[in-house]
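Single-structure report; data block below.
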Amino acid sequence: MGKQHYQITVNGETHDILAEPRELLIHTLREQLGIRGPHIGCETSHCGACTVDMNGRSVKSCTVFVAQAAGAEITTVEGLVNPDGSLGVIQEMFREHHGLQCGYCTPGMITRAHRLLQENPTPTEEEVRFGMAGNLCRCTGYQNIVKAILASADMLNGTSSSSEAVGQGKKVEAAE
Ligand code: FES
Ligand code: FES
């Protein structure tokens, strides 16, 4: 099938694009729209580097055809900054709690964490690890990612930092 016109909305901006229906959303975002936050890792739905928010759900954009994204509202890590362009809460907490090293997984982690906290604003450590299990990190060992997400929850809820609480709750295995 040849190229078709589609309309997709990314971070509040609507784009008219021409693409083959089978084009993967990650390629549309990065190559057609120049939105490079979502990364390409495995392209087989395992790593989560390509995670974006689509119509209020986390999706791995390497598994979504552009035809499926037509008309959808998509949010990438770029859309999670504050209105003044400063780092959003989750981004800031990842920075503060060293939730990244090389940073390759980070856009997907933050985008997934955003949806997790929308769905469960007060997660336990175990719930964070379970909810993030589809996003892999080769560098951090996950502990600081979990800290950053729990601290984000506290910031968003207006409660005190829970970073000290990490490790005090029920012990769970690293998210893999
Ligand atoms: Fe999509 Fe790895 S690149 S899950
Ligand atoms: Fe390097 Fe996660 S910080 S892969």
Side-chain angles (χ1 to χ4, degrees), residues 6 8-11 15 17 19-70 72-81 87-119 123 125-153 163 166-167 172-176:
Y6 296 105
I8 61 173
T9 302
V10 186
N11 301 327
H15 304 266
I17 58 164
E20 290 191 21
R22 64 177 180 169
E23 181 173 295
L24 297 176
L25 178 58
I26 183 69
H27 295 303
T28 309
L29 292 171
R30 290 180 57 85
E31 292 153 29
Q32 289 224 42
L33 303 180
I35 297 170
R36 302 281 169 84
H39 286 161
I40 300 170
C42 62
E43 282 195 298
T44 55
S45 85
H46 287 98
C47 75
C50 64
T51 303
V52 302
D53 207 78
M54 187 164 103
N55 290 339
R57 290 181 56 212
S58 294
V59 298
K60 292 177 175 173
S61 59
C62 73
T63 64
V64 176
F65 294 123
V66 67
Q68 296 173 292
E73 298 269 346
I74 293 161
T75 303
T76 69
V77 71
E78 290 92 338
L80 297 177
V81 295
L87 294 181
V89 167
I90 302 173
Q91 296 165 336
E92 183 62 32
M93 290 300 99
F94 266 69
R95 188 191 67 77
E96 189 175 316
H97 292 275
H98 309 287
L100 63 147
Q101 289 181 23
C102 80
Y104 201 82
C105 70
T106 311
M109 288 283 181
I110 289 176
T111 311
R112 172 62 197 140
H114 164 73
R115 180 51 46 198
L116 177 91
L117 295 179
Q118 293 283 311
E119 292 169 349
E125 178 181 349
E126 184 173 13
E127 287 168 340
V128 169
R129 288 183 183 272
F130 184 79
M132 299 300 294
N135 291 69
L136 303 184
C137 176
R138 295 170 61 153
C139 307
T140 63
Y142 300 100
Q143 186 69 4
N144 286 349
I145 290 173
V146 174
K147 267 189 198 175
I149 295 169
L150 289 172
S152 299
S163 55
V166 174
V172 292
E173 298 304 314
E176 288 199 48

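Note that ligands are numbered from 1 as they come in the structure, with each ligand's atoms numbered from 1 the same way.
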Exercise for review: Just the protein N/O/S atoms under 2.8 Å from atom 2 (Fe) of ligand 2, please, no waters.
Suggested key: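 Metal shell, protein only: C105 SG, C137 SG.
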
Check your understanding: Hey, which of N11, N55, L25 is the one that makes side-chain contact (heavy atoms from CB on, under 4.5 Å) with I74?
Key ->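 Considering N11, N55, L25, a side-chain contact (heavy atoms from CB on, under 4.5 Å) with I74 is found only for L25.
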
**Study point:** Residue among P107, S45, C62, C42 satisfying side-chain contact (heavy atoms from CB on, under 4.5 Å) with C50
**Key:**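 Checked P107, S45, C62, C42 against C50; only one passes side-chain contact (heavy atoms from CB on, under 4.5 Å): C62.
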
Review point. Which pair of non-hydrogen atoms, one from M109 and one from N135, has the smallest distance, and what is that distance?
Key: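 Closest approach of M109 to N135, heavy atoms only: CE-O, 3.2 Å.
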
Review point. Which N, O or S atoms belonging to the protein are less than 2.8 Å from atom 2 (Fe) of ligand 1?
Key: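 The answer is C42 SG, C47 SG.
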
Sub-4.5 Å side-chain heavy-atom contact between [X] and [Y]:
X    : Y    : answer
E127 : E119 : no
T75  : T111 : no
E23  : Q32  : yes
I17  : L33  : yes

Check your understanding: Are E126 and R129 close enough for a salt bridge, meaning some N to O gap below 4.0 Å?
Key ->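 Looking at R129 together with E126, the answer is no, because their closest N to O distance does not fall below 4.0 Å.
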
Review point. Would you say Y142's side chain and C137's backbone share a donor-acceptor pair under 3.5 angstrom?
Key: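 Yes, because the side chain of Y142 sits within donor-acceptor range (under 3.5 Å) of the backbone of C137.
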
